[in-house]
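First the structure, in the form of structure tokens, and then the observations on it.
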Amino acid sequence: MAAAAALIGFTATPAQANHSWGGYHWPRTNVAQLTLYSSITSDWSGALSTANSDWNKSQYLENTIVASDTSRTTRRQCRMPAGAIRVCNYTYGQNGWAGLASINLYSGTKHISQATTKINDTYLANADAAKRQGVMCQEVGHDFGLDHQDEDFNNPNLGTCMDYTNNWNTNQHPNQHDYDQLAAIYNHSDGSANQAAEAGVTTIRTGDTVTLITWAS
């Protein structure tokens, strides 16, 4: 895995948590109750189930996985469902990325309208279980509005899937700081949520579509 967005520092409290992905978030009146459409093959279903269970430990997320079409065409295209997230795996090719999270925004807002997570089997089909779990957790986390906590491969592991690492054994799941950041992102009135975006040097924005790439090592 390699660079995706600008390095963001972090602290331990919700008020100062600061690895939000540009302030993007799902609009909701209370808890975000999202559907994750599973367009993944059976060898990835455990990783997605674990990631969803992990992220649902946040008091602001109550998401449900729904089985969806797993045909090669659907997984290759991985089209965004309205108001929901689609998760796909496919041999997307030697394009440099192992995982890719994309979101669409309601025009002129920071509010996410639909999203996808793509897992590239070209790099991950034969990866060890820890790396597969960590990448799945990280890409789905991006779709909720989280950026990376750290992007230095050589730093000690932070114990979160939102951390770059050369050893995923202790970086397969969210940590408390991720839950604190979700609280900071979602604990507000959506009527005043359209704050300015943070600059991300390799975040790609085309119109109202924003993509955060996790590069393959």
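Numbers for residues simply follow the sequence, beginning at 1.
Asn63 has its side chain out of reach of Thr35: every pair of non-hydrogen atoms, C-beta onward, lies at least 4.5 Å apart. Contact check for Leu146 versus Leu182: side-chain heavy atoms found under the 4.5 Å cut-off. Contact annotation: the side chain of Ser38 never approaches that of Ser68 to less than 4.5 Å [non-hydrogen atoms, C-beta and beyond]. By the 4.5 Å heavy-atom criterion applied to side chains, Asp178 and Gln149 are counted as neighbours. Looking at Gln133 and Trp168, their side chains never come closer than 4.5 Å, going by heavy atoms from C-beta outward. Leu36 is not listed as a side-chain neighbour of Val66, based on a closest heavy-atom distance of 4.5 Å or more. Within the 4.5 Å cutoff, no side-chain heavy atoms of Val31 are placed close to those of Gln59. Looking at heavy atoms from C-beta onward, Pro174 lies in side-chain contact with Cys137 at the 4.5 angstrom threshold.
Remark: Lys57 fails to qualify as a cation-pi partner of Tyr179 under the 6.0 Å distance and 45° angle criteria applied to the six-membered ring.
Summarising the geometry, atom CD1 belonging to Ile85 is positioned 10.5 Å from atom CD1 belonging to Ile65; distances are rounded to the nearest 0.5 Å. Atoms CG and CZ, on Asp43 and Arg132 in that order, are 5.0 Å from each other to the nearest 0.5 Å. To the nearest 0.5 Å, atom NE2 of residue His111 and atom CH2 of residue Trp26 are 12.0 Å apart. Interatomic distance, Ser39 OG to Lys118 NZ, rounded to the nearest 0.5 Å: 11.5 Å. Once rounded to the nearest 0.5 Å, the distance linking CG of Asn157 with CD of Gln172 reads 10.5 Å.
Checking His177, His148, His142 one by one against His19, the ring-ring contact (aromatic ring centres under 6.0 Å, His included) holds for a single residue, His177.
A donor-acceptor contact closer than 3.5 angstrom is absent between the side chains of Thr160 and Asn171. Side-chain contact annotation: Ser71 with Thr74, donor-acceptor N/O pair under 3.5 Å present. Side-chain atoms of Thr91 and Asp121 form no donor-acceptor pair, as typed in the model, at a separation below 3.5 Å. A donor-acceptor contact closer than 3.5 angstrom links the side chains of Asn95 and Asn120. Defined by atom type and a distance below 3.5 Å, a donor-acceptor pair is present between the side-chain atoms of Thr117 and Asp143.
The minimum heavy-atom distance linking Asn104 with Met80 is given by the pair CG-SD, 3.6 Å. The two atoms that bring Gly99 and Val135 nearest to each other are CA-CG1, 4.4 Å, heavy atoms only. The two residues Tyr123 and Gly93 come nearest to each other via the heavy atoms CE1-O, 3.6 Å. Pro81 approaches Tyr37 most closely through the heavy-atom pair CG-CD1, 3.6 Å. Closest approach of Asp54 to His173, counting heavy atoms only: OD2-ND1, 2.5 Å. Across all their heavy atoms, Trp44 and Met136 have their closest contact at CE3-CE, 3.7 Å.
In this structure, the ring of Tyr92 has its center less than 6.0 angstrom from the ring center of Trp97.
Salt bridge Arg75/Asp69: absent, no basic N to carboxylate O contact under 4.0 Å.
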